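These notes concern the structure reproduced below.
Hydrogens, waters and symmetry mates are skipped; everything else that's a heavy atom, side chains included, is used. For clarity, every value in this text was computed on a predicted model and none was experimentally measured. Proteins come first, then strands; the chains are lettered A, B, ... in the order of their sequence lines, and each starts at number 1.
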Protein chains: 2
Amino acid sequence: MIIDMNKDYSRTIPTAWRDISAIFAALGDEHRQRILLSFEPGERLNVGQIAEVSTLARSTVSHHLKVLREAGVLISEREGKEIYFRVNKTFLETSFGRVTSYLAAYL
Amino acid sequence: MIIDMNKDYSRTIPTAWRDISAIFAALGDEHRQRILLSFEPGERLNVGQIAEVSTLARSTVSHHLKVLREAGVLISEREGKEIYFRVNKTFLETSFGRVTSYLAAYL
DNA sequence: TGTTCATGTCGATAATCATCGACATGTTCG
DNA sequence: CGAACATGTCGATGATTATCGACATGAACA
């Protein structure tokens, strides 16, 4: 049974890292961290609310929210005129869990 | 007793996120991910060995290793002419652990 | 000491990303 | 339908980062 061969740099990134790499990239930015951390447990915030407490222009916040959503960190759902964001806690937990397991087993 | 006030964007990033934000930034890059993943458990690699399996110039690899070292992901130790890198597994485990705990408690 | 080898650093250029205001889209409601 | 509002998108500009080759540093060893 073949396990991941290390040493060959061009091999595919292991499954455990697929999701997490987008998360890393998304959360490598401080503005996006602050956006994530501005959520309270179970809370939903719309773009206006997030932009309001931010120091950035609304369109810039919108951009960061897109990055966070595409990485799976946040989930968006339209509600009338507004679009509410919430933390994808389950996804984050399983992703970090997978990475922690991979770390323990293979690094 | 005051806990972290959310909603105020300019507040300081919580302690659990201090270390991890540099890790996120460091591991947001695919080249740096591949470097990390090229280590086998307990293995130590020198710059030449890492550069050899990489597609990048040696000086570029050196740059990425610096980023990884400054983020605490890798530890370097000189041994004669060579400088060996190894994964800072303990640091990564505790950092990911803290984030997982914070995630469970506050998001 | 001087040569060789491994690595770090520097400076220039290229590539990527962040930021903004203006405009487009889509929703509500009169 | 048309006005008002919330959000997304676009294009331009500025800022940050990646990348490389050339050179500097530091260790081993004849």
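To the nearest angstrom, P of C/dA6 lies 16 Å from CZ of B/R44. Put simply, NZ on B/K66 is 5 Å from P on C/dT9, counting in whole angstrom units. Rounded to a whole Å, the CZ atom of A/F85 is 12 Å from the C1' atom of D/dA6. One can place CD1 of B/I83 at 9 Å from P of C/dT9, the figure rounded to the nearest angstrom. For the pair B/L45 CG and C/dA6 C1', the computed distance is 15 Å after rounding to whole Å. Spacing between atom CD1 of A/I50 and atom P of D/dT7 amounts to 9 Å, rounded to whole angstrom units. The CG atom of A/L65 sits 12 Å away from the P atom of D/dT9 (whole-angstrom rounding). Atoms CD (B/E30) and P (C/dA15) sit 18 Å apart, rounded to a whole Å.
The 12-atom threshold is exceeded at CD of A/E93, counting heavy atoms of other residues, nucleotides or ligands nearer than 6.0 Å.
Ion pairing between B/E30 and B/R34 holds under the 4.0 Å rule for side-chain N and carboxylate O. Looking at A/R86 and A/E77, a side-chain N of the basic residue comes within less than 4.0 Å of a carboxylate O on the acidic one, giving a salt bridge.
No option in A/I35, A/N88, A/V87, A/D29 other than A/I35 meets the side-chain contact (heavy atoms from CB on, under 4.5 Å) test with A/L68.
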As a quick check of understanding, evaluate side-chain contact (heavy atoms from CB on, under 4.5 Å) for A/E82 and A/E79, giving each step before the final call.
CA-CA 5 Å; A/E82 289 123 34; A/E79 190 145 327; 5.5 Å; no

Take nucleotides 17-30 of chain D nucleotide by nucleotide from the 5' end and write B, S or -, depending on whether a protein heavy atom sits under 4.0 Å from the base, only from the sugar-phosphate, or from neither.
-SBBB-----BS--

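The aromatic rings of A/Y102 and A/W17 lie perpendicular to each other, with more than 60° between the two planes, well past the 30° mark.
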